[in-house]
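Quick one: this structure, given as structure tokens, is what I'll be asking you about.
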Amino acid sequence: MEEKQNLNFLEEIIEEGLREGTYKSILTRFPPEPNGYLHIGHAKSICLNFGLAKKYGGKTNLRFDDTNPVKEDTEYVDSIQQDIRWLGFEWAGVHYASDYFEQLYEWAVMLIKKGLAYVDDQTQEEIRAGRGTVTEPGKNSPYRDRTVEENLDLFERMRNGEFEDGSKVLRAKIDMAHPNMQFRDPIMYRILHAEHHRTGNKWCIYPMYDYAHGQSDSIEHITHSICTLEFDIHRPLYDWFIAQLSIWPSHQYEFARLNINYTVMSKRKLLQLVKEHYVSGWDDPRMPTICGFRRRGYTAESIRNFCEDIGVAKRDNIIDYVRLENSLRDHLNQVAPRRMAVLDPVRVVIDNYPEEQEEWLDAVNNPENPADGTRKVPFSRELYIEREDFMEVAPKKYFRLSLGREVRLRYAYFVTAQSVEKDAEGNITCIRCTYDPATRGGDAPDGRKVKGTLHWVSAKHAIDAEVRLFDRLFAVESPDDVEEGKTFLDNLNPDSLRVVTAKCEPSLAEARMGVDDKGIPEPARYQFERMGYFCTDPDSTPEHLVFNRSCTLKDSWAKIK
RNA sequence: UGUCCAUUGGUGUAAUGGUAGCACAUCUGACUCUGGAUCAGCCAGUCUAGGUUCGAGUCCUGGAUGGACAACCA
């Protein structure tokens with residue numbers, strides 16, 4: 001009884017090719033331009049390219065699409081490699097489009113000889129005007145019919161640096177009236193006297209994407225060049241260059257890019273957030289970058305699961321941000337040790353608890369994984385509980401502490417609130433309670449039940465920690481939808497970061513950043529019971545602990561409220 | 001008003017001419033020393049008009065809606 005498997009459209013294509021013997025194994029590639037940090041959208045592409053290859057016993061190349069020296073930098077090539085490794089993938093080979101510049105040049109010469117490319121002296125504006133519009137055909141360049149000899153001579157001199165930036169380009173000679181704009185004599189090379197991060201000053205002409213990408217795929221014998229939908233209209237041109245050059249036929253397939261609500265995914269906008277200091281950097285925990293999620297406390301596994309979970313197709317999609325959080329919660333629920341920390345403390349005094357007494361009680365590290373064992377937490381007469389866990393007069397559905405009501409302090413005792421003390425402004429400064437000594441450990445021998453269980457820390461033993469409470473970076477679902485005169489920046493959430501000083505159980509003093517098996521910094525992750533998942537921030541030191549809130553717990557009380 | 005792509009519950013994603021399914025969200029209930037987790041259940045869908053066919057979400061034609069393309073960006 002074979003289980004019926006549902007394949008996505010890419011798997012269908014791969015299996016069909018395998019079945020028909022079009023190829024024996026597959027080779028994919030992940031082709032980032034090193035002009036920014038990778039974001040969660042790239043994670044989808046990475047999981048797809050590497051995941052597909054893995055599933056079908058193939059391999060994946062990492063190839064930097066570095067054909068525009070003015071925007072690219074080695075800072076980005078380093079971060080990109082780190083992020084891919086952190087996600088848990090390893091490439092078969094690392095390549096650079098710039099490795100192929102010489103070959104690409106030779107092929108361009110070949111196309112000139114075949115009468116399929118020419119040097120155009122028009123200005124940028126003239127070229128644009130000559131291209132026509134989506135509904136009107138373009139006009140031929142006056143330089144379109146230069147002889148092969150003249151084109152060869154001019155192109156070589158372009159390479160030799162005889163001309164200024166922008167004075168000439170090499171264009172493919174196709175059809176200025178073609179209904180697909182991509183075919184209206186696309187530019188193959190432009191002159192750019194700029195230093196390239198790898199080739200230095202060797203070149204002053206650089207190939208355009210359309211002329212470089214497909215040929216790079218072909219050189220590497222990529223079987224499946226998987227890219228996002230906006231390149232769909234480029235595919236005929238991709239095929240055209242390969243056909244005219246008679247080179248190894250790579251094929252391009254397109255899928256719908258990932259969109260998530262309450263966030264932006266364009267590199268340009270992310271760069272702007274960084275450059276204009278709306279966030280602290282590319283790895284700000286509110287950023288949708290891979291390094292941002294990493295610092296936020298996301299695990300690589302949770303991101304991989306997320307990408308698997310959302311699937312892949314060709315239709316535009318907007319994924320609910322909660323899907324991402326759910327992936328994280330799923331994973332962390334299984335692996336994160338539980339601790340108690342009070343983020344907004346209010347003092348509690350147990351009047352009938354002996355003044356000098358303290359007890360170290362057993363607390364379970366992770367109820368989902370008994371093997372994680374237990375730890376001791378100190379209890380004493382004065383405690384802190386969460387301010388929102390007490391109401392003087394409470395509605396019926398409120399299960400927490402209120403005057404005259406009994407609740408459980410987790411792993412400790414049942415307590416009943418008796419009275420409150422307030423300051424001049426009427427803020428509660430202290431809640432006076434009594435406890436039942438018979439309920440030690442959290443169970444009543446007489447079998448009586450209690451509706452609520454609260455987390456707490458002993459005031460005398462508590463340690464302070466800075467806790468950064470993150471919320472979504474944007475206040476609206478579609479930050480890019482803006483009215484006239486506004487930008488996505490107007491949609492930033494002013495409350496996306498709140499910093500508090502929390503009271504933590506003493507065992508948290510040991511919380512330290514670590515490194516993973518690839519040497520990449522890895523935070524210590526915890527569940528602060530009832531409050532959410534938290535992790536150490538790189539800013540954290542033994543003297544000054546800093547925790548980031550990765551995400552909250554699901555909170556059904558918040559809905560009732 | 002050109003070319004290309006897409007359209008299945010609120011959101012994603014399957015069904016490959018033969019019973020429209022799954023996940024997330026929502027809502028109910030059970031259980032619980034985290035209002036967490038877990039378990040059970042409910043609600044809810046083929047853009048539209050024709051055509052082909054014994055039979056259409058699927059194939060064909062028209063329409064509607066959304067998206068991509070007019071960078072010397074990728």
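Everything quoted here is computed from the prediction, not taken from an experiment. Letters go in sequence order (proteins before strands), and every chain restarts at 1.
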Subject >> Whether over 12 other heavy atoms sit under 6.0 Å from A:Lys451 NZ >> reply: no

Original post:
Think A:Arg190 has a side-chain N or O under 4.0 angstrom from the OP1 or OP2 of B:C73?
Top reply: yes

**OP:** Could you check whether A:His178 gets within reach of a base, just the sugar-phosphate, or nothing at all, counting any heavy atom under 4.0 Å?
**Re:** nothing

Original post:
When rounded to the nearest Å, what value does the distance between C1' atoms of B:U48 and B:A64 take?
Top reply: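 Here B:U48 and B:A64 have their C1' atoms 7 Å from each other.
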
**OP:** Kindly determine whether A:Glu33 and A:Lys267 satisfy salt bridge (charged side-chain N to carboxylate O under 4.0 Å, His left out), including the steps that lead there.
**Re:** CA-CA 11 Å; A:Glu33 183 189 12; A:Lys267 276 199 210 176; 5.1 Å; no

Original post:
Please give, in whole Å, the distance from B:G67 C1' to A:Asn317 CG?
Top reply: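 Taking CG of A:Asn317 and C1' of B:G67, I get 12 Å after rounding.
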
**OP:** Could you check whether A:Tyr209 and the base of B:A74 form a stacked pair, meaning centres closer than 5.5 Å and planes differing by less than 30°?
**Re:**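 Ring-base stacking flag not set for A:Tyr209 and B:A74.
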
**OP:** Can you tell me the distance, in whole Å, between the CG atom of A:Asp481 and the P atom of B:G67?
**Re:**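 Taking CG of A:Asp481 and P of B:G67, I get 9 Å after rounding.
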
**OP:** Looking at every strand, decide which applies to A:Met208 at a 4.0 Å heavy-atom threshold: base, sugar-phosphate, or nothing.
**Re:** sugar-phosphate

Subject >> Pair of N/O donor and acceptor under 3.5 Å linking B:A74 base with A:His234 side chain >> reply: yes

Original post:
Hey, does A:Asp443 reach any base, or is it just sugar-phosphate, or nothing, if we go heavy atoms under 4.0 Å?
Top reply: base

Subject >> Residue matched to B:U8 through Watson-Crick or wobble contacts both under 3.5 angstrom >> reply: none

Original post:
How close or far is atom P of B:C72 from atom CG of A:Asp185, stated in whole angstroms?
Top reply: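 Between P of B:C72 and CG of A:Asp185: 13 Å.
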
Original post:
Using the P atom in both, what is the distance from B:U52 to B:A71, to the nearest Å?
Top reply: 46 Å

Original post:
Under 4.0 angstrom, heavy atoms only, what part of the nucleic acid is A:Phe231 near: base, sugar-phosphate, or nothing?
Top reply: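 Base contact.
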
Original post:
Of A:Thr135 and A:Ile310, whose closest RNA chain B nucleotide lies nearer the 5' terminus?
Top reply: A:Thr135

Original post:
Taking C-beta and beyond as the side chain, do A:Val77 and A:Tyr96 meet within less than 4.5 Å on heavy atoms?
Top reply: yes

Subject >> Interatomic distance where CG belongs to A:Asn6 and P belongs to B:A23 [whole Å] >> reply: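 For the pair A:Asn6 CG and B:A23 P, the rounded distance is 12 Å.
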
Give me the distances for all protein-to-nucleotides 56-63 of chain B N/O pairs that come in under 3.5 Å?
none

**OP:** Between A:Arg323 and A:Arg440, name the one whose nearest nucleotide on RNA chain B is closer to the 5' end.
**Re:**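 Closer to the 5' end of RNA chain B: A:Arg323.
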
**OP:** Name the nucleic acid region contacted by A:Tyr398, choosing base, sugar-phosphate or nothing; use a 4.0 angstrom heavy-atom cut-off, strictly under.
**Re:**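 Since a base atom lies under 4.0 Å of A:Tyr398, the category is base.
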
**OP:** Can you tell me, in whole Å, how much space there is between the C1' of B:U26 and that of B:U61?
**Re:**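 40 Å, rounded to whole Å.
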
Original post:
Counting any heavy atom closer than 4.0 Å, what does A:Glu16 reach on the DNA or RNA strands: base, sugar-phosphate only, or nothing?
Top reply: nothing

**OP:** Please state how far atom CZ in A:Arg184 lies from atom C1' in B:A71, giving the value in whole angstrom units.
**Re:**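 In whole Å, B:A71 C1' lies 15 Å from A:Arg184 CZ.
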
Original post:
Which nucleotide, in any strand shown, forms a Watson-Crick or G-U wobble pair with B:U61, with both distances under 3.5 Å?
Top reply: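 For B:U61, the partner nucleotide comes out as B:A49, under the 3.5 Å rule.
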
**OP:** For B:U65 versus B:U1, give the span between their P atoms, rounded off to a whole number of Å.
**Re:**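 Those two atoms are separated by 14 Å.
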
Original post:
Which is true for A:Val364 with a 4.0 Å heavy-atom rule: it touches a base, it touches only sugar-phosphate, or it touches nothing?
Top reply: nothing

**OP:** Using the C1' atoms only, state how far B:G57 lies from B:U13, rounded to an integer number of Å.
**Re:** 14 Å

Got a list of protein N/O to nucleotides 36-40 of chain B N/O distances below 3.5 Å?
from  : atom 1 : to       : atom 2 : distance (Å)
B:G36 : OP1    : A:Ser556 : OG     : 3.0
B:G36 : N2     : A:Glu368 : OE2    : 2.9
B:A37 : OP1    : A:Lys554 : NZ     : 3.4
B:A37 : O2'    : A:Asn333 : ND2    : 3.2
B:A37 : O2'    : A:Glu368 : OE1    : 3.4
B:A37 : O2'    : A:Glu368 : OE2    : 3.1

Subject >> Aromatic ring proximity, centroids under 6.0 angstrom, A:Tyr209 and A:His213 >> reply: yes

Between N or O atoms, less than 3.5 Å apart, protein on one side and nucleotides 3-7 of chain B on the other: list the pairs.
from : atom 1 : to       : atom 2 : distance (Å)
B:C4 : O2'    : A:Asp232 : OD1    : 2.7

**OP:** With sequence neighbours excluded, tell me which residues meet ring pair (Phe, Tyr, Trp, His ring centres under 6.0 Å) with A:Tyr533.
**Re:**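 Ring pair (Phe, Tyr, Trp, His ring centres under 6.0 Å) list for A:Tyr533, sorted by chain: empty.
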
Original post:
For the residue pair A:Tyr206 and A:Tyr189, is the inter-centroid distance of their aromatic rings smaller than 6.0 Å?
Top reply: no

Original post:
To the nearest angstrom, how far is A:Phe9 atom CZ from B:U8 atom C1'?
Top reply: 17 Å

**OP:** Would you mind reading off the distance between A:Arg339 atom CZ and B:U34 atom C1', rounded to a whole angstrom?
**Re:** 15 Å

Subject >> B:A14 and B:C22, which share atom name P, separated by this distance in whole Å >> reply: 15 Å

Subject >> Non-neighbouring partners of A:Arg440 that pass salt bridge (charged side-chain N to carboxylate O under 4.0 Å, His left out), sequence neighbours left out >> reply: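 A:Glu359.
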
**OP:** Tell me what A:Glu33 touches on the nucleic acid: a base, only sugar-phosphate, or nothing, going by heavy atoms under 4.0 Å.
**Re:** sugar-phosphate

Original post:
In terms of heavy-atom contacts, does NZ of A:Lys314 have more than 12 from other residues, nucleotides or ligands at under 6.0 Å?
Top reply: yes

Original post:
Does A:Arg472 make a cation-pi contact with A:Tyr262 (under 6.0 Å, within 45 degrees of the axis)?
Top reply: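 Yes, A:Arg472 lies over the aromatic ring of A:Tyr262.
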
Subject >> Centroid separation A:His196 to A:Phe101 less than 6.0 Å >> reply: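 Yes: the rings meet the under 6.0 Å criterion.
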
Original post:
Pick one: which of A:Asp99, A:Thr74, A:Asp66 meets side chain to side chain donor-acceptor pair (under 3.5 Å) with A:Arg198?
Top reply: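 Testing A:Arg198 for a side chain to side chain donor-acceptor pair (under 3.5 Å) against A:Asp99, A:Thr74, A:Asp66 leaves exactly one candidate, A:Asp99.
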
Original post:
Looking across every strand, which nucleic acid part, if any, lies under 4.0 Å from A:Lys559 by heavy atom: base, sugar-phosphate, or nothing?
Top reply: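 Sugar-phosphate contact only - A:Lys559 comes under 4.0 Å of backbone atoms but never of a base.
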
Original post:
Contact class for A:Thr439 (heavy atom, under 4.0 Å): base, sugar-phosphate, or nothing?
Top reply: nothing

Original post:
Distance check: side-chain N/O of A:Thr67 vs OP1/OP2 of B:A74, anything under 4.0 Å?
Top reply: yes

Original post:
Parallel, tilted or perpendicular for A:Phe183 and A:His178, by the 30°/60° rule?
Top reply: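 It falls in the parallel class, under 30°.
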
Subject >> A:Lys561 atom NZ: more than 12 heavy-atom contacts under 6.0 Å >> reply: yes

Original post:
Under 6.0 Å between ring centres, would you say that holds for A:Tyr211 and A:Trp107?
Top reply: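 Ring centroids of A:Tyr211 and A:Trp107 are no less than 6.0 Å from each other.
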
Original post:
For the pair made of CG in A:Asp320 and C1' in B:U11, what is the distance, rounded to whole Å?
Top reply: 7 Å

Original post:
Is A:Glu75 close to A:Tyr37 at the side-chain level, that is, under 4.5 Å between some pair of heavy atoms?
Top reply: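 Yes, their side chains come closer than 4.5 Å.
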
**OP:** May I ask you to say what A:Ile318 touches in the nucleic acid, namely base, sugar-phosphate or nothing, with a heavy-atom cut-off under 4.0 Å?
**Re:**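 It contacts sugar-phosphate atoms only.
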
**OP:** Can you tell me, in whole Å, how much space there is between the C1' of B:A20 and that of B:G35?
**Re:**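 Straight-line distance between the two C1' atoms is 37 Å.
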
Nucleotides 46-48 of chain B: which of its N/O atoms have a protein N/O under 3.5 Å away?
none

**OP:** Specify the closest pair of heavy atoms between A:Ile303 and A:Ala43, including all atoms of both residues, with the distance to one decimal.
**Re:**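 Smallest heavy-atom distance, with atoms named: CG2-CB, 4.0 Å.
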
Subject >> C1' spacing across the pair B:G41 / B:U3, given as an integer number of angstrom >> reply: 50 Å

Subject >> A:Phe474 and A:Phe488 aromatic ring geometry - parallel, tilted or perpendicular at 30°/60° bounds >> reply: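 Answer is tilted, since the angle falls between 30° and 60°.
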
